[in-house]
Amino acid sequence: MTRTLNKPSVIMMFILPAFITFTLIVIVSIIWVFCVSFLNWNGMTDGSFAGLENYRQLFFEDSNYWEIVGNTFLYTVYELIWQVLGGLLVAIFLTRIRRGRAILQTLYYIPVVISTVAICQIFTKFFSVTPPGMINSLLGLINEDWYYLEWLSNPNMSLEVAAFAEGYKYFGLYMVIFYAALISIPQELEEAARIDGASVLTQILRIKLPYIKPVIISNLIIVLNGSMRSFDVSYLLTKGGPANTSQLLTPYMYKQAFNSLRYGYGSAVAITIVILCVLLGVVLQKIVIRDDKED
Amino acid sequence: MCVKRLTTVLAVLLISVVMVWAGGSGETGERDTITVLLNSAGSNDETYRIWSYIFDGFSEETGIEFEYELIANKADYMNKLQLYISSGQLPDIYGCFNGPYSDAAKASGALLNIQAELEDIGVFDKMNKAVVDFLTDANDGIMYLHPQALYSEFFFYRTDIFDKYGLEPPTTWEEFLNVCQILLDNGEVPVVVGGKDNWQLTRYLSFIPWRVTHDDFIMNWIAGTDDFSSNTAAQAGVDLVKTLGTSGYFQRGFTSSDYTDAVNIFFGGTGAIFYGGSGLIPNAKAMYDEGKLGVFPVPSMQGMDNMSTDIPIHAGVGIAFNAKTYDETMRQLLEYAAEHFSEACFNAGVYSPYNDPIPEGMDQLFYDVYPLFENAQQSWVSWDDKLDAATMTSLADAEQELALGMLSEEDFISQMDRTIDTNNGR
């Protein structure tokens with residue numbers, strides 16, 4: 001059996017379908033989008049070759065683009081904090097308690113299985129100002145002026161609220177992954193540390209976190225990539241607004257291609273997303289490899 | 001043996017496919033299905049109620065089946081329509097917007113000259129002139145789209161709130177702003193708007209240019225022979241949006257409320273003025289019957305010549321018949337639709353584009369609003385239909401920024417003039 005599974009032809013048989021599917025769906029699409037990014041095409045009539053014009057406009061004339069790139073990076077940082085750090089802290093907290101752990105785990109995980117549309121509807125109602133939603137009604141009890149606080153419609157706040165909503169939805173998923181990793185740490189290690197007089201904080205920082213470092217890195221990469229390509233929450237909750245203050249790169253690509261009917265321009269935005277994701281992935285990998293060598 | 005069995009199976013399959021195909025086409029070669037694409041949420045909206053009434057009736061008479069494809073979201077619908085146009089796969093009947101979309105459908109040869117057909121049937125002259133105006137192609141003056149219905153738009157206002165502060169419905173925009181200020185000073189929410197939906201703020205931007213120039217400004221702006229920086233009516237529209245947004249006349253958080261939210265807010269009892277239309281008559285019934293609600297038309301711009309039509313009238317999303325698949329059956333369907341259209345509209349609770357008498361049993365507001373636009377000659381001009389998609393998207397962003405005070409009037413004007421030039425290759 002082992003010998004059969006080691007045969008190159010058998011290995012290829014398992015790898016090839018996934019490789020072909022991935023190539024057709026991802027690689028071919030990227031190449032196609034790259035080609036379209038050089039066209040001036042509205043999707044209805046024949047497109048014309050535009051050379052680098054879409055990229056020139058994007059980088060040098062589109063006053064929104066760089067603001068949206070900034071928004072996307074900021075959004076990614078918020079997501080790393082909410083999902084990775086938040087998930088990790090809650091997982092650590094759950095390993096420290098005995099009573100009600102299962103109930104809390106379930107409660108934290110519920111948003112993951114609720115549809116994004118429903119989550120966004122809930123947040124829209126929570127953060128409503130006219131009529132006042134639950135948040136403002138509660139804040140209004142403390143200070144009357146807070147009754148009229150604007151959240152989703154506030155240009156200085158909408159990005160943060162959208163990031164919070166996405167963080168709320170997904171942090172339970174990473175919490176479960178971290179929790180599984182934390183409970184897999186051998187008891188002997190903790191016991192030895194306790195006998196040596198290590199405090200709880202020292203145990204976490206010196207034993208638990210280094211032990212689950214590969215899991216932390218995996219989650220970092222997943223959240224980083226997911227946030228750079230985030231679409232649904234921002235689109236459903238704020239439509240990227242007001243104006244473009246909570247706009248992210250992927251909904252902006254959609255807006256340019258499908259709302260503005262500028263397929264070439266939208267494809268140029270898409271290519272920049274691919275490049276940014278690859279660059280970030282490479283940088284993160286370099287950092288991880290360097291850290292591993294230092295360790 | 002194995003090859004023989006395989007050949008037999010393939011032959012049976014082939015014959016089955018041929019038989020199914022032949023059955024679908026009908027024994028005589030005549031059509032037995034009509035495909036329909038509509039921007040509709042199904043039984044909950046009047047588009048579906050009107051057209052399914054027609055289709056069901058026709059189906060009962062002829063046995064023809066209708067295959068629906070319904071898409072509720074307007075943006076999704078536009079995407080799908082555009083895909084069908086570019087792939088040459090348009091259905092027999094489809095909702096289409098008068099402007100770039102109808103131009104593209106016409107260029108692909110899939111847009112029937114419905115005006116000629118309706119003239120031939122003898123019902124074209126019965127149609128409301130403003131509706132015809134709304135759907136007339138700007139390039140050749142022909143109506144290619146059948147109206148979805150007749151929609152009129154106007155301002156609802158709370159008579160109880162107006163009476164409380166001794167206010168009269170405004171007739172000019174100056175009066176409108178004065179009323180707003182008095183309402184605001186007294187702690188009321190002056191105007192409710194669904195600022196999250198592009199078209200809501202665009203209405204306020206285009207009210208004054210519409211009253212003063214009808215479609216001259218927007219068509220000339222598109223053609224490059226006029227612009228915001230030199231048209232005083234358009235500039236007044238910009239000032240209006242800025243003032244309404246930044247003076248606190250719109251409800252708090254207006255950019256996070258869509259049209260449905262705004263309807264719920266206003267008919268839920270918040271706000272004194274709301275721009276809506278005949279589609280909301282069922283929502284307004286309770287308040288109107290209690291004497292708490294009135295309507296007024298779009299105010300005039302003081303100090304400028306305004307056209308006489310002050311109630312925006314439009315035809316919703318036009319309904320196109322595919323010229324490539326138009327045959328005798330489709331012609332019979334069009335005749336049937338023309339004959340039963342008013343009945344279908346009144347049954348769905350909306351006005352008919354044909355000048356037929358309104359039957360008894362409708363809401364009182366339905367009768368009271370009708371005289372306001374009965375003889376209207378000029379239609380509403382939807383900027384979102386006329387402008388190319390890229391300019392409209394930029395305009396929607398910019399007007400939000402304008403209303404929130406993030407953009408000055410001057411910056412808005414220069415930005416939009418630059419945008420239209422760029423998008424039209426000038």
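Chain letters run A, B, ... following the sequence lines, proteins first and then strands; every chain starts at 1.
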Taking all non-hydrogen atoms of both residues into account, name the closest pair between [X] and [Y] and its distance.
| X | Y | answer |
| --- | --- | --- |
| B/Asn79 | A/Phe258 | OD1-O, 3.0 Å |
| A/Lys239 | B/Asp197 | NZ-OD1, 3.7 Å |
| B/Ser256 | A/Ser153 | OG-CB, 3.8 Å |
| B/Met406 | A/Ala243 | CE-CB, 4.3 Å |

- request: Examine whether an atom of A/Thr245 lies under 4.5 Å from a heavy atom of chain B, and if so say whether it belongs to the side chain, the backbone or both; otherwise answer neither.
  value: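 Only the side chain of A/Thr245 comes within 4.5 Å of chain B.
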
- prompt: Side chain, backbone, both or neither: which part of A/Pro155 has a non-hydrogen atom closer than 4.5 Å to chain B?
  reply: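 For A/Pro155, the contact with chain B is made by the side chain alone.
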
task: Measure B/Asp76 against the heavy atoms of chain A and call it side chain, backbone, both or neither at under 4.5 Å.
output: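 Contact with chain A: side chain only.
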
Can you tell me how far [atom2] of [Y] sits from [atom1] of [X], rounded to the nearest 0.5 angstrom?
| X | Y | atom1 | atom2 | value |
| --- | --- | --- | --- | --- |
| A/Asn42 | B/Gln82 | CG | CD | 7.0 Å |
| A/Lys255 | B/Asp397 | NZ | CG | 3.0 Å |
| B/Asn198 | A/Asn259 | CG | CG | 8.0 Å |

Quick check for you: among [options], which has the greatest number of heavy-atom pairs under 4.5 Å with chain A?
| options | answer |
| --- | --- |
| B/Ala389, B/Ala403, B/Ser394 | B/Ala389 |
| B/Tyr84, B/Tyr101, B/Phe254 | B/Tyr101 |
| B/Lys196, B/Glu401, B/Gln251 | B/Lys196 |

Would the number of heavy atoms belonging to other residues, nucleotides or ligands and lying under 6.0 Å from [atom1] of [X] be above 12?
| X | atom1 | answer |
| --- | --- | --- |
| A/Asp46 | CG | no |
| A/Phe34 | CZ | no |
| B/Tyr275 | OH | yes |

query: Of the options B/Thr270, B/Ile265, B/Asp261, which is the one that meets A/Pro131 in a side-chain contact (heavy atoms from CB on, under 4.5 Å)?
result: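 Exactly one candidate clears the test, B/Ile265.
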
field: Under 3.5 Å: donor-acceptor pair, side chain of A/Thr130, backbone of B/Arg252
entry: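 Side chain of A/Thr130 to backbone of B/Arg252, a donor-acceptor pair under 3.5 Å: yes, one is there.
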
